[in-house]
Amino acid sequence: MTALPHTPPTVAGATREPPWVRRLLMAGALVFLTLFLFLPLVSVFFEAFRKGWAVYVAAITEPDAVSAMLLTLTAAAIAVPLNLVFGIAAAWSIAKFDFRGKSVLLTLIDLPFSVSPVIAGLIYVLVFGLQGWFGAWLIAHDLKVIFAVPGIVLATIFVTCPFVARELIPLMQAQGQEQEEAARVLGASGWQTFWRVTLPNVKWALLYGVILCNARAMGEFGAVSVVSGHIRGQTNTLPLHIEILYNEYQSAAAFAVASLLAGLALVTLVLKFIVERRVTVLAARARRTGAAS
Amino acid sequence: MLFSRALLRRHSVLPGFDLALGLTLLYLSLIVLVPLSATFLRTAADLSWPAFVEVVTTPRVVASYRLTFGAALLAAALNAVFGLVVAWVLTRHDFVGKRVVDALVDLPFALPTAVAGITLTGLYASNGWIGRWLEPLGIQVAFTPVGVFVAMTFIGLPFVVRTVQPVLADLATELEEAAATLGASRRQTFVRVILPALTPALLTGFALAFARALGEYGSIIFIAGNMPMVSEITPLLIITKLEQYDYAGATAIAVVMLVLSFVLLLAINALQAWTRRRQGR
């Protein structure tokens, strides 16, 4: 018996690339990700600590940095809960009811994502600015929106408002409304149904949306930059503070503050990783039970 | 009661439709729709049509469109190619640290744009980790239009990977086996079987990356150098005009960008519907 001249093609051979192609693909992906992802991430922390621990601590504890931090936290603390309520309301109406104009509403909810951040800031200047619609009225009542904290909060709300809704809507649509209907038939009130049935079903997606919303709220630059006026210690958020430091050639301090936000981004990614798996499991389960019933 | 009677297609035992939809519409109107309409109303009030056309077609503005569009197209194209490769490697290959890499792909979504901006500038400046290798080759990235392209590539990186990945994971290997059994080479299987199935997702990812790059501001202004006519992007021009109290000019340019974003949004919606139909969901 001699060996066959050709080994028969295996299943793996039919659905896999030759080894050199696989190595080429791996190398391509690796080079691309290194250049555009890994190196930037590493260099933030490298630059932040290059001048030593003392410079780093000084940069993040100086009064202007602390006040920027507080403003960033304030803006997020207002924007995230409001967008959470909006997200729940939008998801409840879209996922649990069948009504005319639903797809238009879905598109409108996505709208802030496709608008340039600069324009998101500009629109509030046009409404509340000195030459804006309510400009004269605001001055007459000694109120300030643009170049003040309310403008920063508004711009932050605008750019982050779709996040929670977008996470909730697909999951709640997949889960359907049978469970809520059963709760109602068994005598639960509307709020009881929501708190005891709907909310536990979507809590992970909710958390996921909140995490993404918060990350964007704390990191927003363009929209906030337009409405802030860059008053040090008053209307500077952390990202704007980074810009000022960088433009003043205080590179080490700029990177020190940037490393805080980069750390926040990494925490976001870790939380996202944990929560995402739960949501995937839940969505798959919802699809299975949905298909069975 | 208003909404439920006018809009609901069928009666539901669940309560809260009026409250939820009312709240949604009120919030959207106050935060998004009314302020956005201000751009169109202000432009219509401030500028006649010829004046509008003149403002949005001055050479400096046109140069900024050219740069923003061109760089965004190139960046989205590069992301389409390498996004497909990364998605492929992440779904079809096994390697150490794969889940970490997978999680890190979302970094450009999570990293604030200002941080991305100063970091990329540091890397690609002539004394930076990457810039020092490019400088002897005569390639300048930081403070040139190439820098705009680099920043746009960074912020658009996750889109193609994240749209292609799930489609690729769902793709039944039976199809590829059938193609192989019928005598197709691996290359033919890829071009004739796999690629057509991925096309809608690939185009969606491309369009999303392109749309994001068009509006991007934070990461670009640090690395671009912002020279008028050369490396000045359109969003920056809006800010420049605002700082000169030229509200009409800023708003007119914003209207052009907004119309473009709306067109892109509709295109993306159509592409996503196509992707879903292909996936049979």
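Proteins come first, then strands; the chains are lettered A, B, ... in the order of their sequence lines, and each starts at number 1.
- None of B:Ile31, B:Leu26, B:Leu28 except one satisfies the side chain to side chain contact (heavy atoms under 4.5 Å, CB included) rule with A:Phe86; the exception is B:Leu28.
- Between B:Phe17 and A:Phe97, the ring-plane angle classifies as tilted under the 30° and 60° cut-offs.
- Within the 4.5 angstrom heavy-atom criterion, only side-chain atoms of A:Arg184, from C-beta onward, approach chain B.
- Only the side chain of A:Phe38 has a heavy atom closer than 4.5 Å to any heavy atom of chain B.
- In this structure, CG in B:Leu111 is found 8.0 Å from CG in A:Leu266, a value given to the nearest 0.5 Å.
- With a 4.5 Å cut-off on non-hydrogen atoms, A:Phe46 touches chain B through its side chain but not through its backbone.
- With a threshold of 4.5 angstrom between heavy atoms, A:Leu82 approaches chain B through its backbone and through its side chain.
- Between chain A and the residues B:Thr113, B:Leu104, B:Ile238, the largest count of heavy-atom pairs under 4.5 Å involves B:Leu104.
- Looking only at side-chain heavy atoms (C-beta outward), B:Val34 and A:Trp133 come within less than 4.5 Å of each other.
- The shortest distance between side-chain heavy atoms of B:Tyr27 and A:Val85 does not fall below 4.5 Å.
- Only the side chain of B:Leu242 has a heavy atom closer than 4.5 Å to any heavy atom of chain A.
- Of the listed residues B:Ile118, B:Val101, B:Leu78, the one with more heavy-atom pairs under 4.5 angstrom with chain A than any other is B:Ile118.
- Contacts between A:Asn214 and chain B at a heavy-atom distance below 4.5 Å are absent for every atom of the residue.
- The choice from B:Ser12, B:Pro35, B:Ser185 that makes the most heavy-atom pairs within less than 4.5 Å of chain A is B:Pro35.
- Looking at heavy atoms from C-beta onward, A:Phe113 lies out of side-chain contact with B:Leu208 at the 4.5 angstrom threshold.
- With a 4.5 Å cut-off on non-hydrogen atoms, A:Lys102 does not touch chain B at all.
- With a threshold of 4.5 angstrom between heavy atoms, B:Leu175 does not approach chain A through any atom at all.
- Taking the six-membered ring where the residue is Trp, A:Phe221 and B:Phe222 present tilted rings, their angle falling between 30° and 60°.
- Between A:Pro40 and B:Leu120 there is a side-chain heavy-atom pair separated by less than 4.5 Å.
- With contacts defined as side-chain heavy-atom distances shorter than 4.5 Å, the pair B:Ile130/A:Leu35 qualifies.
- No side-chain heavy atom of A:Leu122 sits under 4.5 Å from any side-chain heavy atom of B:Tyr247.
- The distance from the CG atom of B:Leu25 to the CG atom of A:Leu105 is 6.0 Å, given to the nearest 0.5 Å.
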